[in-house]
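Right, one structure below, let's go through it.
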2 protein chains.
Amino acid sequence: MRKTIFIFGALVVALLILFKLSAYSLVSGNTSIEFIISGIAIIFFIIGVIINKRVLHKHKSITKEIDHEKIKSIGLSKREYEVLCEIALGLSNKEIAKKLFVSESTIKTHVSNVLVKLDAKRRTQAIQIAKEFQIIPL
Amino acid sequence: MRKTIFIFGALVVALLILFKLSAYSLVSGNTSIEFIISGIAIIFFIIGVIINKRVLHKHKSITKEIDHEKIKSIGLSKREYEVLCEIALGLSNKEIAKKLFVSESTIKTHVSNVLVKLDAKRRTQAIQIAKEFQIIPL
DNA sequence: GATAATTTCATACTTTAGTATGAGTGTTTT
DNA sequence: AAAACACTCATACTAAAGTATGAAATTATC
């Protein structure tokens, strides 16, 4: 938020300087009106692009970033969340067990807990629900 | 593509009109220089926003829209693709069977074919692969 | 109209997933 | 220290998923 205020402040100052500069240039007759207009047009075009990018980027990040608060509110433990991520990658229980250096029965326990906490009947449904909750990357 | 060309053409024309107008206004002394500059700034700011939105929208559509060519090249039939989409929604074979008004064994056949064609060992892996191929919606 | 591809279904089987229960071992938290 | 939690593992079971094979009906395609 502080950044945004700073940028807009700088923008206003730049605008005022532009006004003064262009008025001076016109009076002194050094520069043509077309040149000034073109410069201003380019500058504001760029500003428009940048600001739009910022706004859209925030939107994107909302849909992409992981909602850690949601994970907590659901009550998923660190290990359960890890298992959930591996499920979403398409791994079997056996493969997850190997990857995390634990037994398959341990993974089964974690998976069961994840299903209960996400209110899912299957691991595929858990993936879908986790995506809706934005707790796993797309 | 035609649209883009048309828009840019209109843009150039609008620019030239602006030049003439501002030059005329200044000579006749009806309008202040600040007013003209502000107008131009606003117009180009808006143009910048619009163009940026178009570019980003195309980018988004690339990551969101379904690659029908890919589906064909993989060799997925219409029914198999339907089943794949239902799998991605987290449905069980029985649920898919009900939804598509066929028997569960039919769905099993389709699922098996899908797994072979996507080179997946499990339905969860098939979901992941299908997402990477961009043949199912995120 | 014949051929090829798709869709449908069944049966029998193997494998994986998921549930239930109990229990041991550490870590926090109170 | 005791309670609560997280992680681990096992056994035994049920349910679902996936494979293999064969076959009939439908629909494109040539």
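In the text below, chain A, chain B and the rest are named by the order of the sequence lines, each starting its count at 1.
- Between the CD1 atom of B:Ile107 and the C1' atom of D:dT19 there is a distance of 16 Å, given to the nearest Å.
- One interatomic measurement links the two molecules: OH of B:Tyr81 to C1' of C:dT6, which rounds to 18 Å at whole-angstrom precision.
- Rounded to a whole Å, the CG atom of A:Leu100 is 12 Å from the C1' atom of D:dC7.
- Residue A:Ser103 is classed as a sugar-phosphate contact, given heavy-atom separations below 4.0 Å to backbone atoms only.
- Taking atom CG of B:Leu84 as the reference point, atom P of D:dG18 lies 12 Å away to the nearest angstrom.
- To the nearest 0.5 Å, atoms CG (B:Leu89) and OG1 (A:Thr124) are separated by 9.5 Å.
- In this structure, CG of B:Asp119 is placed 12 Å from P of D:dT19, rounded to the nearest angstrom.
- Taking both residues in full, the closest heavy atoms of A:Arg123 and A:Ser92 are given as NH1-CA, 4.2 Å, listed atom of the first, atom of the second, then distance.
- A salt bridge between A:Glu95 and B:Arg122 is present, with a side-chain N of the basic residue lying under 4.0 Å from a carboxylate O of the acidic one.
- In this structure, A:Arg79 atom CZ and D:dC9 atom C1' are separated by 13 Å, rounded to whole Å.
- A pairwise comparison of heavy atoms in B:Ile129 and B:Ala120 identifies CD1-CB, 3.8 Å as the closest pair.
- Side-chain atoms of A:Asn93 and A:Val83, non-hydrogen and from C-beta on, never get closer than 4.5 Å to each other.
- Distance check, rounded to the nearest 0.5 Å: CD of A:Glu86 to NE2 of A:His110 gives 12.0 Å.
- Distances shorter than 4.0 Å separate some side-chain N or O of B:Ser105 from OP1 or OP2 on C:dA10.
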Atom pairs, protein N/O to nucleotides 28-30 of chain D N/O, distance under 3.5 Å:
none

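- The minimum heavy-atom distance between A:Leu118 and A:Ala126, with the atom names listed, is CD1-O, 3.8 Å.
- The closest donor-acceptor contact from the side chain of B:Gln125 to the backbone of B:Lys121 lies under 3.5 Å.
- When the C1' atoms of four end pairs are superposed on the next four at each end of the helix from C:dG1-D:dC30 to C:dT30-D:dA1, using five pairs per end, the two resulting axes differ in direction by 60°, to 10°.
- Atom CG in B:Asn113 sits roughly 13 Å away from atom C1' in D:dT21 (whole-Å rounding).
- Of the side-chain N and O atoms in A:Thr109, none sit less than 4.0 angstrom from OP1 or OP2 of D:dC7.
- The shortest heavy-atom contact between A:Ile66 and A:Ile136 is CG1-C, 4.3 Å.
- The shortest non-hydrogen separation linking B:Ile135 to B:Asp67 is CG2-O, 3.7 Å.
- Between A:Phe133 and A:Ile74, the shortest heavy-atom contact is CD1-CD1, 3.5 Å.
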Find every protein N or O atom lying less than 3.5 Å from an N or O atom of nucleotides 12-18 of chain C, and list the pairs.
unit_1 : atom_1 : unit_2   : atom_2 : d
C:dA17 : OP2    : A:Asn93  : N      : 3.1
C:dG18 : OP1    : A:Arg123 : N      : 2.8
C:dG18 : OP2    : A:Arg123 : NE     : 2.7
C:dG18 : OP2    : A:Arg123 : NH2    : 3.3
C:dG18 : N7     : A:Lys108 : NZ     : 3.4
C:dG18 : O6     : A:Lys108 : NZ     : 2.7

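- Summarising the geometry, the separation between NZ on B:Lys72 and C1' on C:dT6 is reported as 16 Å, rounded to the nearest angstrom.
- With no hydrogens or angles considered, a side-chain donor-acceptor pair links B:Thr106 and B:Ser103 at under 3.5 Å.
- For A:His110 and D:dC7, the shortest distance from a side-chain N or O to OP1 or OP2 is not below 4.0 Å.
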